[in-house]
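Step one of this worksheet: look at the structure below.
Remember, it's 1-based here, ligands and their atoms both numbered in the order they're listed. Values reported hereafter were calculated over all heavy atoms of this structure, with side chains retained and with hydrogens, waters and symmetry mates removed.
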Amino acid sequence: MNIVLLGPPGAGKGTQAKKIVQEYSIPHISTGDIFRKNIAEQTPLGKKAKEYIDQGLLVPDELTIDIVKDRLMQEDCKTGFLLDGFPRTVFQAEALDLFLKELDKAIECSLLIEVPRENILVRMTGRRMCKNCGASYHVTFNPPKVEGKCDLCEGPLVQRKDDTEATVKERLKVYDEQTQPLIDYYAAQNKLIEIDGTQDIDVVFDKAKDVLKRFE
Ligand code: AP5
Ligand code: MG
Ligand code: ZN
């Protein structure tokens, strides 16, 4: 199954991605996680990406697309993959479609997790993220079993630098202007399926499984 997760910042893409990839044994490809890893390791890519991420802006397409292409060529993507946070512009979506076509593959479903704006700020400011594996928690809605420690890998939980109120507002603006058009892009290909992201994490996951079983 070749799946794209779509939705505004804080919709719960990362949260659902962790559950989906466990259920279907496919790799989770999050461009945000890849950039954050590079920032932590202070690689040249990380240094460039940081300038944009800290401001809530998108990292330029030319830096982003090749990373995803390289990742999709790896052996573990043969039987499927889950893209989280990519594509984020129509240009990225077109580049992805072209690239997959060369490999005789295609995106089968774009799963849109919709959450109204009023829920987003409280989700983002209460988010804690595992420094090791990128798993998301929330101080109220999804606390870890042991405070400050990841349930999956015991890594330390930290706050993301771009989760401040001002940066979240900028990210939402960028989403509206540059990523929202992807809803029409995938709807036109008959690949868009929307789920309500306001319910409990497990309820959202049940809905996601219900949709994804068609692509098993
Ligand atoms: P990225 O890391 O992708 O961030 P994002 O898209 O802004 O999305 P988030 O990770 O903030 O939200 P999420 O939907 O994953 O929510 P989560 O599950 O964590 O990108 C970061 C930056 O990198 C971008 O701004 C950009 O600069 C750059 N970038 C990345 N990809 C790029 C690309 N393709 N092109 C260019 N630039 C790119 O959940 C949020 C919180 O809510 C958590 O606390 C969670 O516990 C809680 N929560 C989740 N579900 C529920 C629920 N059902 N009920 C209650 N709480 C919930
Ligand atoms: Mg995420
Ligand atoms: Zn972890």
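Considering backbone and side-chain N/O atoms, Tyr52 never comes within less than 3.5 Å of an N/O atom of ligand 1. In terms of polar-atom proximity, defined here as any N/O pair under 3.5 Å, Gln199 does make such a contact with ligand 1. Note: no N/O pair closer than 3.5 Å links Gln16 and ligand 1 by distance alone. Between Lys13 and ligand 1, at least one pair of N/O atoms sits closer than 3.5 Å. Here's the thing with Leu58: none of its N/O atoms is less than 3.5 angstrom from an N/O atom of ligand 1. Of the polar atoms of Gly85, at least one N or O is found under 3.5 Å from an N or O of ligand 1, judged by distance alone. The shortest N or O to N or O distance between Arg36 and ligand 1 is below 3.5 Å. Backbone and side-chain nitrogen or oxygen atoms of Leu57 are examined, and one is located within less than 3.5 angstrom of a nitrogen or oxygen of ligand 1. An N or O contact shorter than 3.5 Å links Ser136 to ligand 1 by distance.
In the candidate list Arg123, Arg128, Arg127, Arg123 is nearest to atom 54 (N) of ligand 1, counting heavy atoms.
Residue-level proximity to ligand 1 for Met129 is absent, since no heavy atom of it falls below 4.0 angstrom.
Counting only distances under 2.8 Å, and ignoring water, the protein N, O or S atoms around the Zn ion (ligand 3) are Cys130 SG, Cys133 SG, Cys150 SG, Cys153 SG.
By the 4.5 Å heavy-atom criterion applied to side chains, Cys153 and Cys130 are counted as neighbours. No side-chain heavy atom of Leu182 sits less than 4.5 Å from a side-chain heavy atom of Val4.
Residue contact annotation: Gly197 has a non-hydrogen atom under 4.0 Å from ligand 1. Residue contacts with ligand 1: Arg160 is included, with a non-hydrogen atom under 4.0 Å away.
Near Tyr137, the atoms of ligand 1 lying under 4.0 angstrom from a non-hydrogen atom of the residue are 43 (C), 44 (O), 46 (O).
Between the side chains of Tyr185 and Asp97, at least one donor N or O lies within less than 3.5 Å of an accepting N or O. With no hydrogens or angles considered, a side-chain donor-acceptor pair links Asn38 and Thr43 at under 3.5 Å. Counting only N and O atoms by type, the side chains of Asn119 and Thr198 include no donor and acceptor under 3.5 Å apart.
Atom CZ of Arg160 is separated from atom CZ of Arg128 by 12.5 Å, given to the nearest 0.5 angstrom.
Relative to the ring axis of Tyr186, Lys191 does not place its NZ or CZ within 45° and under 6.0 Å from the centre.
The existence of a salt bridge linking Lys169 and Glu165 is confirmed by a sub-4.0 Å separation between a basic side-chain nitrogen and an acidic carboxylate oxygen.
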If you look only at distance, which donor and acceptor atoms sit under 3.5 Å apart when one is on a side chain in residues 103-118 and the other is two or more places apart or in another chain?
| unit_1 | atom_1 | unit_2 | atom_2 | d |
| --- | --- | --- | --- | --- |
| Lys105 | NZ | Cys77 | O | 3.4 |
| Glu108 | OE1 | Asn2 | N | 2.6 |
| Arg117 | NH1 | Asp176 | OD1 | 3.4 |
| Arg117 | NH1 | Asp176 | OD2 | 3.1 |
| Arg117 | NH2 | Asp176 | OD1 | 3.0 |

